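Heads up: the structure comes next, in structure tokens.
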Amino acid sequence: MTKLAGGAHSFFSTPADVAAWEQPYPSGHVPVPTVSYDGSVATVVVPGFSSAHQDEADLYLEAAAEIFTSERARSTCGWVVDVSANTGGDLRVMLVALSPLLDDGVVEVFRERDGSTSDVVVHANTGSWGDEVWGELPAETTKLPSRPIGIVQSGATASAGESVIIAFTGQEDVATFGSATAGFTTVNDGFELPDGAAVTLSFAVMGDREGNFYEGPLAPDREVDPADGSAQSAAREWVADHCPNS
């Protein structure tokens, strides 16, 4: 019934499901962005993240800030953003975490059932949706110089992971590699029932900064197997080829 009302991305959570979600991650196991370097190309892995605890969201953002404020990050010629294992969660945290790589301005648009639209905006190290501020990175985090960005995606990339891809769509010098995503390109909201259960329904579809809306899997620009590392390698090679003075 929930999926009939809200679509494939909607779901019902039992009281036990809600209680499990409200539990913090095990100590030392909060998923956070990580970075590695191959010559002058940086790869940032953006994991899925969902938490009811602000201190855990802060850890995610602090890890991103540490990556993007480093001297190594500021000297890199381009970036690979790997969301191939990102099954979704809190898109607000993910987009704020990646704000140093996103152009300022509208990066995504949500279209509701009545046709009305609202903008997701990145400005400096903050993200917002309409009047709602989604968060910000520490004040010392500033925008990185514009560089080529290769995005790695897979069939496991879903929901907020797909939102990351859409946020970069239309930005100059961005290309995607891997396989088609899961196709949960809708935005959800939920409400709790008296017995502690919850219903989560999709209320809008995701669109890019150019006004293109997506209702299904996102195809990559170049189809390469992400499971064996080929997509990651192809993205790094593309970024290196498009680096300034390459």
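Start at 1 with the first residue, then count along the sequence. Just so we're clear, the structure is a prediction, and the values are computed from it rather than from any experiment.
Using modelled atom types, no side-chain atom of His53 and backbone atom of Ser51 make a donor-acceptor pair closer than 3.5 Å. No side-chain donor-acceptor contact under 3.5 Å links Asp173 to the backbone of His242. Using a distance-only test at 3.5 Å, with no hydrogens or angles considered, a donor-acceptor pair links the side chain of Thr181 to the main chain of Leu218. Listed for the Asn86 side chain is a donor-acceptor partner under 3.5 Å among the backbone atoms of Val46. Ser233 places no side-chain N or O within 3.5 Å of a backbone atom of Ser230 that could act as its donor or acceptor partner. At least one donor-acceptor pair under 3.5 Å links the side chain of Glu162 to the backbone N or O of Ser159. Side-chain N or O atoms of Thr76 include one that pairs as donor or acceptor with a backbone N or O of Ser40 at under 3.5 Å.
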- Item | CA sep, side-chain torsions, deciding dist, call: Trp79, Leu101, side-chain contact (heavy atoms from CB on, under 4.5 Å) | CA-CA 9 Å; Trp79 291 83; Leu101 298 180; 3.7 Å; yes
| message | I'd like to know whether Met206 forms a side-chain contact (heavy atoms from CB on, under 4.5 Å) with Phe213, so could you lay out the CA-CA distance, the side-chain angles of the two residues, the decisive distance to 0.1 Å, and finally the verdict. | response | CA-CA 6 Å; Met206 301 174 186; Phe213 292 90; over 6 Å; no
Exercise for the section: Go through the steps for Gln232 and Thr43 under the test side-chain hydrogen bond (donor to acceptor under 3.5 Å, both in side chains), then give the verdict. Expected result: CA-CA 9 Å; Gln232 291 81 352; Thr43 296; over 6 Å; no
Begin with the C-alpha distance, continue with both residues' side-chain angles, and end with the deciding distance and a verdict on side-chain contact (heavy atoms from CB on, under 4.5 Å) for Ser163 and Ile166. CA-CA 5 Å; Ser163 181; Ile166 292 170; 5.6 Å; no
Practice item. Report the C-alpha separation of Ser99 and Leu137 in whole Å, then their side-chain angles, then the decisive distance to 0.1 Å, and conclude whether the side-chain contact (heavy atoms from CB on, under 4.5 Å) test is met. Key: CA-CA 8 Å; Ser99 59; Leu137 294 178; 3.7 Å; yes
Where do Thr126 and Glu136 land on the side-chain hydrogen bond (donor to acceptor under 3.5 Å, both in side chains) test, with the steps shown first? CA-CA 4 Å; Thr126 66; Glu136 61 181 334; over 6 Å; no
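Between Val44 and Pro33, the shortest heavy-atom distance links the atoms CG2-CB, 4.2 Å. Here the shortest heavy-atom pairing between Ala158 and Phe184 reads CB-CD1, 4.0 Å. Nearest approach of Pro148 to Pro244, heavy atoms of both residues: CD-CD, 4.2 Å. Taking all atoms of both residues into account, the shortest heavy-atom contact from Phe110 to Ala204 is CB-CB, 4.0 Å. For the residue pair Ala234 and Val224, the shortest heavy atom distance occurs at CB-CG2, 4.2 Å. Here the closest heavy-atom approach between residue Pro220 and residue Ser179 is recorded as CD-C, 3.8 Å.
The hydrophobic clustering, which links ILVMFWY residues whose side-chain heavy atoms are closer than 4.5 Å, places Val35 and Tyr60 together. Both Leu61 and Tyr25 are assigned to one and the same hydrophobic cluster, defined by single-linkage of ILVMFWY side chains at heavy-atom distances under 4.5 Å. The hydrophobic cluster containing Ile165 does not contain Val205, counting ILVMFWY residues as joined when their side-chain heavy atoms lie under 4.5 angstrom apart, directly or transitively. When hydrophobic clusters are built by joining Ile, Leu, Val, Met, Phe, Trp and Tyr residues whose side-chain heavy atoms come closer than 4.5 Å, directly or via intermediates, Val93 is grouped together with Trp134. Note on Tyr37: it clusters hydrophobically with Val81, by side-chain heavy-atom contacts below 4.5 Å among ILVMFWY residues.
In Arg209, the CZ atom is crowded: over 12 heavy atoms of neighbouring residues, nucleotides or ligands sit closer than 6.0 Å. More than 12 heavy atoms of other residues, nucleotides or ligands shown are found within 6.0 angstrom of CD on Glu132. Shown here is Asp131, whose CG atom has no more than 12 heavy atoms of other residues, nucleotides or ligands within 6.0 Å.
Looking at Thr142 and Arg74, their side chains do bring a donor and an acceptor atom within 3.5 Å of each other. Side-chain contact of Thr185 with Glu215: a donor-acceptor pair under 3.5 Å is absent, judged by distance alone. With 3.5 Å as the limit, one finds a donor-acceptor pair spanning the side chains of Ser118 and Trp129. Residues Tyr214 and Asp208 have side chains that bring a donor and an acceptor to within less than 3.5 angstrom of each other.
Residue Phe177 holds its CZ atom at 7.0 Å from CG of Asp221, rounded to the nearest 0.5 Å. To the nearest 0.5 angstrom, Leu98 atom CG is 9.5 Å from Met94 atom CE. Distance OG/Ser146 to CG/Asp103: 6.0 Å, rounded to 0.5 Å. Of the inter-residue distances, the one linking Leu59 atom CG with Gln54 atom CD reads 10.0 Å to the nearest 0.5 angstrom. Remark: Glu62 CD to Asp55 CG distance equals 9.5 Å, nearest 0.5 Å.
With respect to Val120, the side chain to side chain contact (heavy atoms under 4.5 Å, CB included) criterion is satisfied by exactly one of Leu102, Leu91, Leu95: Leu95. Shown are Ile151, Val152, Ile149; of these, the side chain to side chain contact (heavy atoms under 4.5 Å, CB included) with Val80 is made only by Val152.
The side-chain hydrogen bond (donor to acceptor under 3.5 Å, both in side chains) test applied to Arg222 returns no partner, not counting sequence neighbours.
Taking the side chain as every heavy atom from C-beta outward, Thr169 and Asn212 never approach each other to under 4.5 Å. The side-chain heavy atoms of Pro47 and Val32, taken from C-beta on, include no pair separated by under 4.5 Å. Residues Val121 and Ser128 have side chains in contact (heavy-atom distance under 4.5 Å, counting atoms from C-beta outward). Inter-residue side-chain proximity for Ser84 and Gln153 is flagged as unmet; no heavy-atom pair is nearer than 4.5 Å.
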Give the table of side-chain donor-acceptor pairs shorter than 3.5 Å for residues 64-71, with sequence neighbours excluded, one pair per line with atom names and distance.
from: Thr69; atom 1: OG1; to: Ala65; atom 2: O; distance (Å): 2.7
from: Ser70; atom 1: OG; to: Ile67; atom 2: O; distance (Å): 2.9
from: Ser70; atom 1: OG; to: Ala73; atom 2: N; distance (Å): 3.1

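Here Asp104 pairs with Lys143 in a salt bridge; the nearest charged N to carboxylate O distance falls below 4.0 Å.
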